[in-house]
Amino acid sequence: MRLAITHFRQDAQSGDRLSIRPWQLGLGLAVLGLLVTVAWKNNWLPFLPENVPKIVAPAPINTVTALGRLEPQGEVIHINAPTATQETRVEKLLVKEGDRVKAGQTIAVLSGRDRWQAALVQAKSDLKVAQARLAQVEAGTKSDDILAQSAQVDQREAQWQGEAKAQKATIDRLKAQWDSDRTSQEATIKQLRAEGQGETATQKATLKRLQAELINAQKEYQRYQQLYAAGAVSGSVIDGKTLEVDTLRQRVIEVQANLERIDRTTQQSLNVAIADLARTNQTLPQQLKEARANLQRIQQTGVAQVKEASAKRGSLATVRPVDVEVAQAEVEQAKAKVKKAETDLAQTLITAPKTGQIIKIYTYAGEKIAEQGIVSMGQTQQMMAIAEVYQGEIGRVRVGQKATITSPVLEKSLNGTVKRIDLEVQRQTIVNEDPAANIDAKVVEVRIRLDPDSSASVASLTNLQVTTTINTTP
């Protein structure tokens, strides 16, 4: 069977070789291929061998590979301070990185605990007073009660006056100390300057005198040099003049060095004294400001307490059912304040929410609490691999499937079992070395529980990037 696959064009005038156009050749090959395919399917080509190998479909892929990370079971917990206490500084840090802690164990103590302790003591004291008043109202008013309340008014007023007097004495003491320290330091600065100027002037005068003597000695040496050349004086005389010049020159050098030393030492002493004065002028005014603020608070609190005690004394003259209700309300209010004070005090102790290991410390004693919190911790005794499986492959992943985890930094691969498949599709967060392969990828997180040996070997490698291979064989 023959098929003309091209048309030939001959130049009748010149007798040139026949030429084939590219499109003609392509069309012919396509037609020929079609005919051969039809003939082979209909067994029109008996000359072909019978044992031509058939095309075999590729074997199914029984694994799902995804990038992932290591983290403790239950994820990494960042422990921060409760906002209710309004404290932002750590006073004591009681753990180190790598320490294992139990649930409820104290990790850090926040600043201001003494203040909250005092507030709790005050709240409990106020509760006792409220309870005593309720009992008093329920028992009925007595003249002794009125006298007792009057004594309490006097006591609170005396206490207020005493605290205010003590605080005023503190203010006066700070003022006197500031004036004394400032005067003393200013006198020290003035004295250092005067001593430095005096020593400098003395050394300069000595230097000027020695320089003049040196000039005269040099001139004397030159004159004797001429006499020696003329044979008028002996060599010993010249030697003496030379020694005199050298001695004066050496003394000039020594005096210049002393002058420089005096200037340097005086300036250093002045710098220290000036710094002390600046520190005094900064520290003591701040202390004065705080003392005045304390005095104002004492006065406001004292006036309020005396007014409150006086009002209670006036209410004791008559007893009504409403007075009992008011007293009961005061007791409940005092109990609420005690409970709040206990809560505030407890919040100054930062405790571990569960048993685990301290992974990283972000805030040390004396520092303000960092944005990441105080510490991070996790249950590193059981590590997990979090694999980000592409959404197109998540249908082949099942709970209970085995997985292998690898990383260039690990000496050997890790083994684990799929324990959970998240219910949310999210954007990929772990990328490989090819940025183009990670553009807007959608993934589902699969949590793989490592076996005990693998978990123990990577307990200190939280957030290590790994490659996970999940065996999806049925």
Donor-acceptor list for residues 165-173 side chains, cut-off 3.5 Å, not counting sequence neighbours:
{"residue": "Q167", "atom": "NE2", "partner": "A291", "partner atom": "O", "Å": "3.1"}
{"residue": "T170", "atom": "OG1", "partner": "A166", "partner atom": "O", "Å": "3.0"}

Donor-acceptor pair, side chain of E71 and main chain of I386, under 3.5 angstrom
no
Could you check if a side-chain atom of S460 sits within less than 4.5 angstrom of a side-chain atom of T380, using non-hydrogen atoms only?
no
Evaluate whether atom CD of Q286 has more than 12 neighbouring non-hydrogen atoms of other residues, nucleotides or ligands under 6.0 angstrom away.
yes
Do T363 side-chain atoms and A370 backbone N/O form a donor-acceptor pair below 3.5 Å?
yes
Nearest-0.5 Å distance, CG of residue L270 to OG1 of residue T265
11.0 Å
Roughly how far, to the nearest 0.5 Å, is the CG atom of N281 from the CD atom of Q185?
7.5 Å
Sub-3.5 Å donor-acceptor pair from the side chain of Q391 to the main-chain atoms of A441, do we have one?
no
Just by distance, no angles: are the side chains of Q267 and D263 close enough, under 3.5 Å, to form a donor-acceptor pair?
no
Test your reading of the model: is there a side-chain donor-acceptor pair from R396 to the backbone of N62, 3.5 Å cut-off?
no
Roughly how far apart are E367 CD and I374 CD1, rounded to 0.5 Å?
11.0 Å
What I'd like to find out is whether the side chain of S454 reaches to under 4.5 Å of the side chain of I405, using heavy atoms alone.
no
Does the S413 side chain pair with the main chain of T406, one donor and one acceptor, at a distance under 3.5 Å?
no
Any side-chain heavy-atom pair of D99 and L94 under 4.5 Å
no
K337/E330 salt bridge by N-O under 4.0 Å criterion
no
Under 3.5 Å: donor-acceptor pair, side chain of T188, backbone of S184:
yes
Report the C-alpha distance between R449 and Q382 in whole Å, list the side-chain angles of each, state the deciding distance to 0.1 Å, and finish with yes or no for side chain to side chain contact (heavy atoms under 4.5 Å, CB included).
CA-CA 8 Å; R449 181 185 179 95; Q382 177 58 63; 3.3 Å; yes
Those residues that, when tested against A293, pass side-chain contact (heavy atoms from CB on, under 4.5 Å) (two or more places apart)
none
Nearest non-hydrogen partners of A108 and V90, listed with the distance
CB-CG1, 4.3 Å
Just verifying a value: how many Å separate K419 NZ and M384 CE, rounded to the nearest 0.5 Å?
8.5 Å
Candidate pair E290 and N294, rule side-chain hydrogen bond (donor to acceptor under 3.5 Å, both in side chains), full reasoning:
CA-CA 6 Å; E290 293 176 357; N294 288 335; over 6 Å; no
Find out whether E371 and H78 are in side-chain contact, i.e. whether some heavy atom of one side chain is under 4.5 Å from a heavy atom of the other.
no
Do V303 and T301 make a side-chain contact, defined as non-hydrogen atoms from C-beta onward lying under 4.5 Å apart?
no
What I'd like to find out is whether the side chain of Q372 reaches to under 4.5 Å of the side chain of K360, using heavy atoms alone.
no
T467 and L67, any side-chain heavy atoms less than 4.5 Å apart
yes
Would you call E445 and R447 a salt bridge, using N to O less than 4.0 angstrom?
yes
If we ignore hydrogens and angles and just use 3.5 Å, is the side chain of S180 paired with the main-chain N or O of A176 as donor and acceptor?
no
Output yes when a side-chain donor or acceptor of D422 lies under 3.5 Å from a complementary backbone atom of E424, and no otherwise.
no
Atom pair CD1/CG of I350 and L110 - distance to nearest 0.5 Å:
4.0 Å
Nearest heavy atoms of P353 and I79, plus distance in Å:
CD-CD1, 3.7 Å
Between Q300 and Q296, does the side chain to side chain contact (heavy atoms under 4.5 Å, CB included) criterion hold? Intermediate values first, please.
CA-CA 6 Å; Q300 292 174 348; Q296 183 177 4; 3.5 Å; yes
Polar side-chain atom of E97 near backbone of I361 as donor-acceptor pair, under 3.5 Å
yes
Could you walk me through whether L410 and L461 pass the side chain to side chain contact (heavy atoms under 4.5 Å, CB included) check?
CA-CA 10 Å; L410 298 176; L461 297 178; 3.9 Å; yes
Quick one: do the K402 and T417 side chains pair a donor with an acceptor below 3.5 Å?
yes
Those residues at least two apart in sequence (or on a different chain) that pass side-chain contact (heavy atoms from CB on, under 4.5 Å) with Q401 are V397, R398, V418, I470, T472
Side chain proximity check, V338 to L120, heavy atoms < 4.5 angstrom
yes
